[in-house]
2 protein chains.
Amino acid sequence: MTEKQSLEEVGRSLHSNAIHLLRHVRTEDSAMGIGPAQASALSVVVFGGPLTLNELAEVEQVRPPTMSRVVEALVKEGLVRRETNRDDRRSVIISPTDKGTRILQEGRNRRERRLIKLLSKLDADEIRCLGKASRILSKILVVEHS
Amino acid sequence: MTEKQSLEEVGRSLHSNAIHLLRHVRTEDSAMGIGPAQASALSVVVFGGPLTLNELAEVEQVRPPTMSRVVEALVKEGLVRRETNRDDRRSVIISPTDKGTRILQEGRNRRERRLIKLLSKLDADEIRCLGKASRILSKILVVEHS
DNA sequence: CTGTATACTTAGCATAGCTAATCATTAGCT
DNA sequence: AGCTAATGATTAGCTATGCTAAGTATACAG
């Protein structure tokens with residue numbers, strides 16, 4: 001019972017912290033000159049290699065029409081390329097341009113610097129604790145390929 | 001140097017985990033019948049007691065016109081009340097209705113159940129670690145009243 | 001070769017973010 | 001008191017991002 005209580009508390013607290021953490025770093029997003037959906041999609045394209053629009057939509061958990069428009073904007077800004085797949089001419093392959101890769105890295109760095117500035121208020125023990133917790137979270141969150 | 005490296009890793013990892021965590025629980029939001037901005041604002045009104053529109057906008061880190069419209073929608077749906085402040089008739093006080101409080105609790109519970117389902121894959125030690133990390137994060141994130 | 005399924009796009013709607021401009025009220029200064 | 005500046009909220013209008021429904025083009029199945 002105590003354990004279940006604790007589980008709920010931890011869940012509630014993690015939830016709240018995740019919201020606040022993202023709000024905090026998101027202030028740096030505007031410096032990238034693109035919206036959050038574009039930034040997130042670009043990130044997947046840069047780090048997740050070339051992939052189709054449907055795959056990208058699935059990773060980003062949005063519907064294909066939404067992703068189609070986001071990609072449209074990224075193409076217009078020269079951050080990704082959109083080419084028809086030679087093996088299946090119905091589908092398109094999205095890949096990052098050099099500019100897209102550069103822009104993303106810069107934005108990512110800004111976000112991380114922002115976060116690091118916050119984290120630097122903590123002592124080494126606390127950082128270690130966060131690191132350990134982060135690895136635990138990765139185990140159950142990032143996988144999700146079931 | 002090792003410490004700084006670790007700081008960056010932890011920052012990057014936390015950032016990524018926060019994104020994935022919120023994506024995960026956000027799937028439950030639609031069940032509440034209101035959008036994410038409305039849900040988040042309602043949460044503040046319910047748990048943060050009556051407060052003015054400007055205060056609400058600040059907590060939610062959006063501009064007053066944005067919050068004005070969000071509140072407008074919540075009022076229309078009968079989830080919050082909007083009354084002019086007697087002490088300063090320029091400002092308005094937002095407070096939750098019974099319906100708003102109920103709706104929010106239900107949605108919150110759904111999100112948390114979702115999160116708890118994920119967390120229950122972990123053992124007691126790991127949960128404790130997450131709890132500790134969460135308290136550390138709260139210290140540096142939720143405060144921000146400087 | 002005809003019909004169905006798949007991948008994407010287009011069209012149209014709702015929510016949510018912003019700035020600029022407006023209105024009402026309060027506060028401050030002589 | 002009375003004028004002016006500051007403050008709290010709203011309105012108007014733009015952009016971005018989410019959705020569903022419907023359309024187009026290609027692939028596949030018989």
Side-chain angles (χ1 to χ4, degrees), chain A residues 19 22-23 25-45 50-77 79-95 107, chain B residues 19 22-23 25-45 50-77 79-95 107:
Chain A
I19 290 174
L22 287 186
R23 271 206 194 130
V25 299
R26 195 164 295 153
T27 55
E28 295 297 322
D29 271 2
S30 52
M32 221 179 330
I34 61 180
Q38 289 178 41
S40 186
L42 180 56
S43 167
V44 172
V45 174
L51 75 180
T52 70
L53 190 139
N54 267 353
E55 287 165 348
L56 184 50
E58 195 178 348
V59 172
E60 288 294 272
Q61 302 191 324
V62 299
R63 301 291 173 187
T66 300
M67 188 49 70
S68 184
R69 193 174 25 183
V70 169
V71 167
E72 172 74 18
L74 289 174
V75 167
K76 241 177 214 155
E77 291 158 326
L79 304 178
V80 305
R81 252 183 304 277
R82 181 176 39 183
E83 303 162 312
T84 57
N85 184 354
R86 295 170 182 284
D87 297 337
D88 182 345
R89 300 172 41 72
R90 288 171 302 181
S91 72
V92 298
I93 306 285
I94 322 288
S95 32
Chain B
I19 289 174
L22 287 185
R23 273 210 191 124
V25 299
R26 193 165 299 150
T27 55
E28 296 297 320
D29 271 2
S30 52
M32 220 180 328
I34 61 179
Q38 290 177 42
S40 185
L42 178 57
S43 168
V44 172
V45 174
L51 74 180
T52 69
L53 190 139
N54 267 353
E55 288 164 348
L56 184 50
E58 195 178 346
V59 172
E60 289 294 273
Q61 303 192 323
V62 298
R63 301 290 173 187
T66 299
M67 189 48 72
S68 184
R69 193 173 24 180
V70 169
V71 167
E72 172 73 19
L74 288 173
V75 167
K76 241 176 215 156
E77 291 158 325
L79 304 177
V80 305
R81 250 183 307 275
R82 180 178 39 185
E83 304 161 311
T84 56
N85 184 354
R86 295 171 183 284
D87 298 336
D88 181 346
R89 302 171 39 73
R90 290 171 300 183
S91 72
V92 298
I93 306 284
I94 322 288
S95 34

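Lettering of chains follows the sequences in order, A, B, ..., and the numbering in each one begins at 1. Everything numeric in this text was worked out from a predicted model, so none of it was measured.
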- Item | Among C/dC8, D/dA9, D/dT17, the nucleotide that comes nearest once only the side chain of A/L53 is considered |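 Minimum distance to the A/L53 side chain belongs to C/dC8.
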- Could you please name the option among D/dA9, D/dG18, C/dT19 that lies closest to any side-chain atom of B/T52?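 The answer is D/dA9, which lies nearest to the side chain.
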[atom1] of [X] versus [atom2] of [N]: gap in Å, rounded?
{"X": "A/L42", "N": "D/dT17", "atom1": "CG", "atom2": "P", "answer": "12 Å"}
{"X": "B/R69", "N": "D/dG8", "atom1": "CZ", "atom2": "P", "answer": "21 Å"}
{"X": "B/M67", "N": "D/dT7", "atom1": "CE", "atom2": "C1'", "answer": "18 Å"}

- Select base, sugar-phosphate, or nothing to describe what A/S91 touches, counting heavy atoms under 4.0 Å on all strands.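 It contacts sugar-phosphate atoms only.
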- Identified pairing partner of D/dG8, criterion: Watson-Crick or G-U wobble below 3.5 Å: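 Partner of D/dG8: C/dC23.
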For [N] and [X] - does any side-chain N or O of the residue sit under 4.0 Å from the phosphate oxygens OP1/OP2?
{"X": "A/R63", "N": "C/dC8", "answer": "no"}
{"X": "A/S68", "N": "C/dT9", "answer": "yes"}
{"X": "A/N54", "N": "C/dT6", "answer": "no"}
{"X": "A/Q38", "N": "D/dT17", "answer": "yes"}

- Message: If I compare all heavy atoms of B/I94 with all of B/L53, which pair ends up nearest, and what's the gap?
- Response: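 Smallest interatomic distance, heavy atoms only, reads CG1-N, 4.2 Å.
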- Hey, does the side-chain of B/R89 have a donor or acceptor N/O within less than 3.5 Å of a partner on the base of D/dG8?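 Side chain to base: no pair below 3.5 Å.
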- Return yes when atom CZ of A/R63 has more than 12 non-hydrogen atoms of other residues, nucleotides or ligands closer than 6.0 Å, and no otherwise.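 Check fails, neighbour count at 12 or below.
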